[in-house]
Amino acid sequence: MPKFILDDKEIEFTQGQTIIEAAKQHGIDIPYFCWHPSLSVSGNCRMCLVEVEKMPKLVIACSTIAAEGMVVHSQSQKTIEARNAVMEFFLINHPLDCPICDEAGECKLQDYAYQHSVGESRFVEEKVHKDKRVPLGPLVMFDAERCISCSRCIRFCDEIAKDPELTFIKRGDRVTIVTYPGEELDNPYSLNTTDICPVGALTNRDFRFQARVWDMSDTKSICIGCSRGCNSEIWVRNNEVLRLTPRYNEDVNSYWMCDHGRVNTYKFINAEDRVKGPFIRKEGNLIQVSWEEAYSQTASKLKSFNKDEIAFIASPFATCEDNYVFKKFAQSIIGSKHLDFMRHVDPNFGDDILRKNDTTPNTLGCELLGISPNKSGLNLEGIFNGIKQKKIKAAYIIEDDLITVNPELENIFTELDLLIVHSTNFNRTTSIADVVFPSATYAEKNGTFVNFQGRVQRIRPAVASIDVDRAVDGLSLSRLDKFGTKYDSWAEKNKRDAKSSWKILTSLSAFFNNKFKFNLTEDVFDEISKNIKAFNKLDYDVIGEKGILLENINKEQSIKV
Amino acid sequence: MGVKKREKDFTVWERIYIPEIVKGLSLTLKSMFKPKFTMKYPEEKFIPSASYRGRPVLVMENNGEERCVACGLCSRVCPPLAIEVQASETEREKERYPEKFEINMLRCIFCGFCEEVCPEEAIVMSKDYDLAFTNRADAIYGKDKLLVPVNQLYDRIEFLRQYK
Amino acid sequence: MSVLEIIVFTVVKIVLILTVMLLMVSYLVYFERRVSAWVQNRLGPNRVGWEGVLQPFADVFKLLLKEDIVPVKANQFIHTLAPVIALFVAFATYAVIPIASPLKIFGYEIPLVVADVNIGVLYVLALTSVGVYAITLAGWSSGSKYSLFGGIRSSAQMISYEISMGFSVAGVLLFAESLRPIAIVQSQGSWMWNAWIQPIGFITFVVSAFAETNRLPFDLPEAEPELVGGYHTEYSSMKFAAFFLAEYANMIIAAGMIVTLYLGGYNLPFFNIESLGLANWLTVIIQIGSFFIKMGVLLFFFLWIRWSLPRFRYDQLMSIGWKVMFPLSLINLIWVAVLIMVFNL
């Protein structure tokens, strides 16, 4: 492999790599604004200037191809002076907006001002004034004064979102960004521009001014918007989810995430209509009851039916663990043969970038776990017919709002004598249910999803509930969480009474003669890895932060996505 | 074994002890008639100088708007985590304003870091020192209690400009 | 006087003396707080009533409302008995201290002392010794090491100082040739106070009185830095108040005894009031006034000393008791004997 010398260190590189890429690979940070690993090189910020011996002037590391025997200095006197100069230019017209700027705390310019700037401005004249609040699109707000004209957003729209909407206009210090006439920054990936914006010029209107970044805790999770399973981070303050950001995983979503996943997949967690505890229908109304009462009543109601009169409908929104225990409950405790789940496919949703037509995170997981009827059992269609023909008298549905998806089902389900539902929020399905258990959202539990590629990925609790304690259960802690007492509003607020579906089913199993012995999500997954071939030899540590591709699936299962 | 000599051996006069007691008594007797400095608090109030750090307050401009832009730096720097700020958007030029600004006076230690870190001179230490609550909820001061007109705070602001 | 009349007069006197004593005790506490404040350049309690004069009542109400806590390991009965003994001894002692010459009213001659007994001084010494039991029992029954230490220290201290106290009193008795307090007062006349005649005895008695009442600089039994609260660490509410009141009542007794034994009792200094031939009731009032003023000055002295002198170390306390006070009281006894022999007083 060819080598070059960077700061007195020999560095190997592959042919065609730029200096900055090779340096990054070897853990050497060369500062940059406009360069982005996934975007084309524009080389206009000049922040990555390095000194290359035998070159007359400093060169930008992002567009200089590394060559054999090159001697590069990224910490020499000349480079440092050049960086200081570049920073001074940036800061001439950059407003002192940090107190009101959402980017503060995760701002590249702010960081570099500490690392690579002399700390004082010689500029005493009036700064250039531009528009402060320009809505570029429905989700993105633009502050022209803060913009350092790195063109990352423009390149993102052109190259990644494949929907050119933005461009520079004017020249010199008047240069600014606008949308093309008649266009709006409304592509389905527009919020990525706020992530890659190195300053606070582009901000997320959905999150604007909600919280300072240092007040939030971040938890590595998975987006539930579609079967891509984009790696995401959940940002929580005061036990409330405030935003989702993409987490780099080259094999799944690279640096990106779609706007649907960011904006539409967390609000129900904070919503007012969350199921606040177990509910049982008494005299026509859903009444909140204690967990004990809910379990014993549900068990005695289930026992009053013949095992073949009960249908079980699992959910591709639920984790593998939930579905596995659900299946086990249906088959080994009740002994029902009728088990299936509903697929959610939206042919208009998918695209060639990230989005998939399957709008659930765990369809493949359900298939791999064998969520399907036994030989003589009824599938979903069969169950619906069975209800109409009064062969099925009771149904147990977890974490899927079937009626909202298919309103016709309302008439079918009202035929049932007993409808048990696990749900995070009250919805049309719960409104006709006889028993409603509050199930934890994906931000409140541990578990795994299998995305369309067959990659098992972990979700982790980010929001504390009565069942999951922030400190005891090892949730990520923000600065405030570490020091909260029971008297502080931020520490005890919004703690909901919800449990993972597998936990509810495990507790319920105690009222039958065969109690499950699961204490932790890990216990469930251990059993899955023992019993389901596709998950063989896996555990949470092996899955890690980036997930792992299941190797055996093509041999064992046919994929019908 | 040598006897350890004291720094100062007592004279016979001192060893009689009684005269020394009389000396001590005369000292305490004298101080009994010295003027007292105690202030009779609720009737007589101590008016602190500008350097005094009483309860932190938010500066309210003459038009009734707060200076605060809800940057959260006070909340970040606050050692006992007493300050909670929720920002929100406003049509005003400053874009941000505190939708909620709460100081838990049970947590506050009157260190004045919030005032020191404030980029807008929006939170300053006032001269209020008589704070009493009968329950925890009362100790959480919201914007209604925190906002104080700027003309009552001029001397503190002047002090800060001079010495901060 | 018939037996019935004696009983009636005695009961009236007891009630009067008890009331006066309780008031004095309460206000002594109040003055202690004020004096300490003045010494320390403060104001002291000045809120309840004019200049805080109602403070003692506020304190009593507060203490009455407090929860009475008895430790699990305490001996319930003795724990309750101890403050009762303390209070009883403190108030009973006062029975023999005369506050004025007899009052002639409605044809009766009433001695202004509850019990004009012949062995009054002995009675006082005996009862104060019983007072040690209160403290020792309190310390022992609390089931706490701090209380126990306080109790043990107290008994050791009281026994030690009682000896010098007894020998000091012996000097006075030699002069008066009586154990009857009224006789002692009368023997001193208006100017021949025992304090002048036997100054060493006076000093040893005063010092011993401080030690006997557990006042600073001899308050080892309740040395806060070492023993939390000493023998009453585990007491609360009115039981604690009982000890507190007993301590101040003891101070008043001590002051009364010093006045009676050494400072001419109720007589006016350098002036024989009876020679003026005033009406009996006037004489009595002046004598009562004289007695209480003398006592007041002494009590102020008690407070003043407390806020001026630091506490002795325990070994210093013991060595002063045995090596200084005891020999001094013996010297005083010899001095008195010599005076009587030489001057044939």
Side-chain angles (χ1 to χ4, degrees), chain A residues 95-107 110 129-135 139 141-146 200-201 203-217 237-240 242-243 270 477-494, chain B residues 58-59 65-109 111 113-123 133-143:
Chain A
L96 227 156
D97 263 359
C98 303
I100 58 163
C101 177
D102 265 346
E103 191 82 358
E106 51 183 13
C107 174
Q110 213 177 29
H129 290 290
K130 299 178 191 171
D131 292 338
K132 296 286 288 177
R133 272 184 274 189
V134 186
L139 291 169
M141 188 67 97
F142 177 56
D143 186 320
E145 281 184 1
R146 294 181 195 156
T203 47
N204 180 344
R205 291 176 77 179
D206 184 52
F207 173 68
R208 205 166 145 84
F209 301 158
Q210 289 294 302
R212 308 310 320 230
V213 288
W214 53 80
D215 280 341
M216 294 185 285
S217 64
R237 190 186 71 150
N238 287 358
N239 218 24
E240 201 176 348
L242 294 179
R243 69 167 179 181
N270 310 329
L477 301 165
S478 71
R479 197 174 62 97
L480 291 168
D481 293 330
K482 283 178 195 155
F483 303 106
T485 70
K486 62 177 178 174
Y487 299 113
D488 291 310
S489 57
W490 73 79
E492 289 297 305
K493 221 167 74 176
N494 303 341
Chain B
L58 289 175
V59 178
E65 289 169 356
E66 66 276 285
R67 281 187 180 177
C68 178
V69 295
C71 69
L73 287 182
C74 47
S75 158
R76 176 64 186 85
V77 81
C78 184
L81 312 180
I83 305 178
E84 197 182 344
V85 188
Q86 178 59 57
S88 193
E89 189 153 5
T90 156
E91 288 307 311
R92 277 179 249 154
E93 198 200 335
K94 282 172 170 177
E95 293 187 47
R96 275 171 88 112
Y97 81 105
E99 187 178 42
K100 182 176 96 175
F101 196 108
E102 285 181 354
I103 302 184
N104 185 341
M105 294 310 296
L106 289 172
R107 274 182 173 260
C108 180
I109 55 169
C111 64
F113 282 11
C114 45
E115 146 190 270
E116 210 168 307
V117 79
C118 184
E120 299 285 325
E121 238 170 29
I123 186 166
F133 340 98
T134 49
N135 61 53
R136 287 175 187 278
D138 285 354
I140 295 171
Y141 281 19
K143 265 168 79 177

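None of the values given here were measured: they were computed from a predicted structure. Any value given below was found using the heavy atoms of this structure, including those in side chains, with hydrogens, waters and symmetry copies removed. Chain naming here is simple, since letters A, B, ... match the order of the sequence lines and numbering starts at 1 in each.
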*Are any of the side-chain heavy atoms of B:F113 and B:C78 separated by less than 4.5 Å?*
no
*In chain order, what residues pass the salt bridge (Lys or Arg N to Asp or Glu O under 4.0 Å) check against A:R479, with sequence neighbours excluded?*
A:D215
*Where does B:R76 contact chain A at under 4.5 Å (heavy atoms): side chain, backbone, both or neither?*
both
*For B:K94 and B:E65, run salt bridge (charged side-chain N to carboxylate O under 4.0 Å, His left out): C-alpha distance rounded to whole Å, both residues' side-chain angles, the deciding distance at 0.1 Å, then the answer.*
CA-CA 11 Å; B:K94 282 172 170 177; B:E65 289 169 356; over 6 Å; no
*Taking B:V69, B:V85, B:L73, B:L81 one by one, which has the highest count of heavy-atom pairs under 4.5 Å against chain A?*
B:L81
*A:D97 side chain to A:I100 main-chain N or O, any donor-acceptor pair under 3.5 Å?*
no
*Taking only residues two or more places apart in sequence or in another chain, which ones pass salt bridge (Lys or Arg N to Asp or Glu O under 4.0 Å) with B:E95?*
A:R208
*Taking side-chain contact (heavy atoms from CB on, under 4.5 Å) as the test, write out the residues that go with B:N104, two or more places apart.*
A:D488, B:L106, B:R107, B:A139, B:I140
*Which region of A:N238, side chain (C-beta onward) or backbone (N, CA, C, O), has a non-hydrogen atom less than 4.5 Å from a non-hydrogen atom of chain B, or is it both or neither?*
side chain
*Report the distance from atom CD of B:E99 to atom NZ of B:K143, rounding to the nearest 0.5 Å.*
8.0 Å
*How would you list, in number order, the residues of residues 114-122 of chain B that have a heavy atom less than 4.5 Å from chain A?*
B:P119
*Which region of A:F483, side chain (C-beta onward) or backbone (N, CA, C, O), has a non-hydrogen atom less than 4.5 Å from a non-hydrogen atom of chain B, or is it both or neither?*
both
*Can you find a pair of side-chain heavy atoms, one from A:R133 and one from B:E89, that are under 4.5 Å apart?*
yes
